[in-house]
Structure formats: structure tokens, C-alpha cells
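Read through the structure below, which is laid out as C-alpha cells, and then see the notes.
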Amino acid sequence: MRPLIQAAFWPTIACLPALAILIALGVWQIQRLEWKEGLISRIDDRVAADPLFLHEAMGRFDETGDIEYLRVSASGVYIHDAEMYLFAHGPEGLGWHVITPFRTRPGGYILVNRGYVPDRALDEMPRSTDFVTITGLLRGPGEPNQFTPDNEPDNNVWYWRDLGAMESYAGRIVMTRNRFQVLPFFLDVEEEGDDLWPRGSVTRLDLPNRHLEYALTWFGMAVALTVVYVLFVRSRLRRRNSNEL
């Protein structure tokens, strides 16, 4: 027993922390997998549900703050003079998502993502001022990452959905007697089934889910480390025994 302890002591000291970290990372990825599968299931349910009225979604937001991907309908009028252009990729390459204030009632507005338009077609979009009913998915404000360029409100060029800055930009143009204030989320409209720009249904629904792959990778590395440890200890033990003969 003593030769085994001597052969295994330092390798064990070196390997145990690494093994614990690998197993912990694998368990964490399994937890992330359960969370991601729940999120995808919730999104699928919401996208397929009958649309709520906008005031119902607002009530849910006040209660829980959870409105992501809720399907809603709203009636009102677009304020095209204050539309904004969010840089985006689309079926024809680089272009824009058209963000337009939508007046739902006197003094009530929501910023609506009407969809994707290529740069060449910006001037071809219909801009009706008729009273319309729209349906789409609610999304929260965006968050930039370290690679996201700064928005350029002075040029009406946007790289991420900064709700506060967009509200300020549109408010200066709308110039209402009452304070211009938008609801605290965006509405991505659904595709309306025509060939006109912009094209809706731009909400990304195919969330990546590779957590099982990552978990198997970490657990596989833990198994490999264990095998290497056993072989190394056996090798040291053999050498020690041969030296004693």
C-alpha cells in the first residue's frame, strides 16, 4: 500500500483540482442545457399563441417584466416622419431594419420594427398613414457588445436598439404637445405576405443550443484526465517496484 501512496500522492494532488473543474464545467453546461431548452419551449409557445392586446401585454410587463416574444396586436397609425434605420443583414445583404413610432392612442406610442429593407429600396417603401392593425412579437431593448459601433443619432444610423436614445430622437421630430413617451419595449411585426419593403418577421427564433455538446466535451476531458492519471500512476509504481528488485 505504501508504494502505491508514494507513487500516487503528487499526481493526485495535481489532478484532483483539474478533475473537479472539468466535472463542474460539465454539470454547468447540463444546467445551461435545461435552461436553454426551457427558453426555446417558451418561445415556441408564445410565437404560436393567439395575439394578446397591447394593454394586456403591458399589464403582464408591469407584473413580471417578462414580455420577450409575446405575440400581440395593436391598432393605430405609423409616424413615418420619425422612422429610424437600424443596421442589419438580410436576404439581399446589408440593409436596415426600419424602426417607426406607432401611435396607438392619444399620447401613446410604441417603437415598431417594420422589418428589413435593402439600402437601395429605402425610397421605395410604402409609408401609409392609414389606421391599421399590426401583429408581431415584443422584444426588449438591445444591449451592445464590445464590437458594436456607437449609434449615430445625428445621422439617423443605429447599430443597436437603444430605447432611450431612439425615444429622444423620435420625440424631437414628432413634437407633440404632450410629452412623447414610448412603451418600454419594441414590436417586431410579422411578415404581411406581400412583396413590398420592408419585409417583416425579422425576429431571430433559432437560438443556438450546443450545451450538450459542450457538456460531453468537458466530461470527456475528465475521463481522459482520469485515464492518463491511472496510466501514469501505474507506470510510476512499476518503475518503483523494478528499482526495488
Side-chain angles (χ1 to χ4, degrees), residues 40 43-44 46-47 51 54 67-104 109-174 180 182-209:
I40 292 173
I43 291 173
D44 290 343
R46 291 184 174 186
V47 170
L54 190 56
I67 49 79
E68 286 287 330
Y69 303 100
L70 281 180
R71 189 164 179 253
V72 303
S73 64
S75 297
V77 177
Y78 282 114
I79 311 299
H80 296 290
D81 290 343
E83 69 184 16
M84 293 159 278
Y85 309 118
L86 178 68
F87 187 74
H89 293 266
E92 293 196 14
L94 298 180
W96 310 93
H97 286 177
V98 181
I99 311 294
T100 309
F102 187 76
R103 186 172 65 235
T104 60
Y109 295 84
I110 184 172
L111 296 183
V112 173
N113 184 351
R114 296 180 61 205
Y116 163 83
V117 58
D119 190 69
R120 63 169 178 79
L122 271 177
D123 294 333
E124 302 173 12
M125 295 188 302
R127 293 178 170 85
S128 172
T129 57
D130 294 340
F131 187 87
V132 294
T133 297
I134 58 176
T135 301
L137 303 178
L138 295 185
R139 300 301 314 280
E143 289 290 341
N145 59 40
Q146 59 182 334
F147 303 109
T148 305
D150 292 334
N151 288 326
E152 302 174 20
D154 292 341
N155 298 320
N156 195 13
V157 173
W158 306 83
Y159 297 99
W160 61 282
R161 294 174 304 166
D162 185 342
L163 182 67
M166 288 181 165
E167 179 182 50
S168 297
Y169 174 88
R172 291 194 298 269
I173 297 173
V174 173
F180 179 84
V182 299
L183 295 178
F185 37 72
F186 293 80
L187 174 62
D188 291 356
V189 296
E190 297 176 353
E191 185 69 69
E192 297 179 353
D194 54 40
D195 294 329
L196 300 176
W197 302 106
R199 306 278 169 79
S201 296
V202 297
T203 309
R204 183 182 178 185
L205 300 173
D206 56 336
L207 302 185
N209 185 15

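Of all non-hydrogen atoms in Arg199 and Val202, the two that sit nearest each other are O-CG1, 3.5 Å. Across all their heavy atoms, Leu187 and Gly136 have their closest contact at CD1-C, 3.4 Å. Heavy-atom minimum distance, Arg139 versus Glu68: NE-OE1, 2.7 Å. The two residues Leu111 and Ile99 come nearest to each other via the heavy atoms CB-CG2, 4.0 Å. Taking both residues in full, the closest heavy atoms of Trp160 and Leu86 are given as N-CD1, 3.5 Å, listed atom of the first, atom of the second, then distance. Between Phe186 and Gly140, the closest heavy-atom pair is CD1-O, 4.0 Å.
Classification of the Tyr116-Trp197 ring pair by plane angle, with boundaries at 30° and 60°, yields perpendicular. Below 30°, between 30° and 60°, or above 60°: for Phe102 and Tyr78 the angle between ring planes is above 60°, a perpendicular geometry.
In this structure a side-chain-to-backbone donor-acceptor pair under 3.5 Å is present from Asn156 to Glu83. Within the 3.5 Å criterion, the main-chain N or O of Val157 finds no donor-acceptor partner in the side chain of Glu152. Between the side chain of Asn151 and the main chain of Pro153, no donor-acceptor pair closer than 3.5 Å is present.
Applying the 6.0 Å contact sphere to CG of Asn145 captures more than 12 heavy atoms from other residues, nucleotides or ligands.
Between Arg71 and Glu190, at least one side-chain N (NZ, or NE/NH1/NH2) sits under 4.0 Å from a carboxylate O, which counts as a salt bridge.
Side-chain contact check for Ile110 versus Leu138: some heavy-atom pair is nearer than 4.5 Å. Between Leu183 and Leu54 the shortest side-chain heavy-atom distance falls below 4.5 Å. When side chains are defined from C-beta on, His97 does not count as touching Arg161, because their heavy atoms never get closer than 4.5 Å. Between Leu163 and Phe185, every side-chain heavy-atom pair lies at or beyond the 4.5 Å cut-off. Between Phe87 and Pro149, the closest side-chain pair of non-hydrogen atoms is not below 4.5 Å.
Atom OH of Tyr69 and atom CZ of Arg46 lie 10.5 Å apart (nearest 0.5 Å). In this structure, the separation between OH on Tyr159 and OG1 on Thr148 is 11.0 Å, given to the nearest 0.5 Å. Here the CD-CZ distance, from Glu167 to Arg172, works out to 11.5 Å after rounding to the nearest 0.5 Å.
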I would like to know whether Ile173 and Ile79 meet side chain to side chain contact (heavy atoms under 4.5 Å, CB included); could you show each step before the answer? CA-CA 10 Å; Ile173 297 173; Ile79 311 299; over 6 Å; no

Side chain to side chain contact (heavy atoms under 4.5 Å, CB included) evaluation trace for Leu137 with Leu205: CA-CA 11 Å; Leu137 303 178; Leu205 300 173; 4.2 Å; yes

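Shown here are the side chain to side chain contact (heavy atoms under 4.5 Å, CB included) partners of Leu122, two or more places apart in sequence or in another chain: Tyr85, Trp96, Val117, Asp119, Met125.
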